[in-house]
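First the structure, in the form of structure tokens, and then the observations on it.
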Amino acid sequence: MSDLYCAIMTEETVNVIKDSLKLCMDAITIKMSSVGFNEGYNSKKYRELCSQYAKYVTLSTDIEIAMNHDNEKNDRFMSNIYSATMTKDEIDVIIESFKTSLDIIKHRIYLAELDPSYDDMYYCELCSECDKYETMLTDIENMMKYNEVTVKRGF
């Protein structure tokens with residue numbers, strides 16, 4: 001069996017994945033500026049952050065290219081369905097990005113709870129976003145477990 005998975009996704013699913021990757025890239029960018037300034041741009045930690053950032057950028061770009069290609073060939077009936085062949089490593093990057101995104105969002109929720117003047121609407125948006133990522137992460141992890149036992153197919 002190969003390590004390739006055929007992913008059939010809605011546009012909403014693809015956008016959630018892209019949002020998660022972007023959230024992680026933004027967080028890494030902030031860390032990179034701090035590490036680069038404090039420890040130097042040649043430090044091991046800075047290089048690790050660069051490598052991590054490169055994984056997210058590469059996957060994000062690949063997804064964008066696949067979406068654009070699918071938009072060109074789709075007819076109006078199937079315009080919100082995307083297909084991609086992904087490696088296990090790429091799916092692992094997506095899972096990692098969801099876990100990191102959840103950590104970031106949960107931290108924001110915690111900070112909002114500490115602020116006596118927090119906006120209820122902002123808090124609800126964070127909780128909704130957290131639920132969305134948890135659901136997506138669970139779906140992908142379940143798909144991976146299922147596919148390792150049977151024929152590999154999409155989520």
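The chain is numbered in sequence order, starting from 1.
- The structure places CG of Asp115 at 12.5 Å from OH of Tyr110, a figure rounded to the nearest 0.5 Å.
- Rounding to the nearest 0.5 Å gives a distance of 4.0 Å between NE2 of His107 and CG of Leu111.
- Proximity of a side-chain donor or acceptor of Thr135 to a complementary backbone N or O of Asp131 within less than 3.5 Å is detected.
- In this structure, Ser20 contributes its side chain and Val16 its backbone to no donor-acceptor pair below 3.5 Å.
- A donor-acceptor contact under 3.5 angstrom links the side chains of Thr10 and Thr13, judged on distance only.
- Under the 4.0 Å criterion applied to side-chain N and carboxylate O atoms, Asp103 and Lys99 are not assigned as salt-bridge partners.
- The side-chain contact (heavy atoms from CB on, under 4.5 Å) test with Tyr56 singles out one residue from Asp26, Leu23, Thr100, and that residue is Thr100.
- A salt bridge does not link Glu11 to Lys18: none of the charged nitrogens lies less than 4.0 Å from a carboxylate oxygen.
- Taking CD1 of Ile17 as the start and CD of Glu12 as the end, the distance is 11.0 Å to the nearest 0.5 Å.
- The closest donor-acceptor contact from the side chain of Ser34 to the backbone of Lys31 lies at 3.5 Å or more, if one exists at all.
- Residues Asp62 and Met86 are not in side-chain contact: their nearest non-hydrogen atoms beyond the backbone lie 4.5 Å or more apart.
- With respect to Lys106 and Glu134, a salt bridge is recorded, a charged nitrogen being found less than 4.0 Å from a carboxylate O.
- The backbone N or O of Thr87 sits less than 3.5 Å from a side-chain atom of Glu90, completing a donor-acceptor pair.
- Atom CD1 of residue Ile91 and atom CD of residue Glu96 lie 14.0 Å apart, to the nearest 0.5 angstrom.
- Panel note: side chain Ser60, backbone Val57; no donor-acceptor pair is recorded below 3.5 Å.
- Rounding to the nearest 0.5 Å gives a distance of 7.5 Å between OH of Tyr53 and CE of Met32.
- Other residues, nucleotides and ligands contribute more than 12 heavy atoms inside 6.0 Å of the NZ atom of Lys132.
- When all heavy atoms of Leu49 and Ile28 are compared, the pair lying nearest together is O-CG2, 3.6 Å.
- With respect to the salt-bridge test (charged N to carboxylate O, under 4.0 angstrom), the residues Glu129 and Arg108 do not qualify.
- One distance of note links OG of Ser101 with OH of Tyr133; it measures 5.0 Å at 0.5 Å rounding.
- Closest approach of Cys130 and Ile109 over heavy atoms only: CB-CD1, 4.2 Å.
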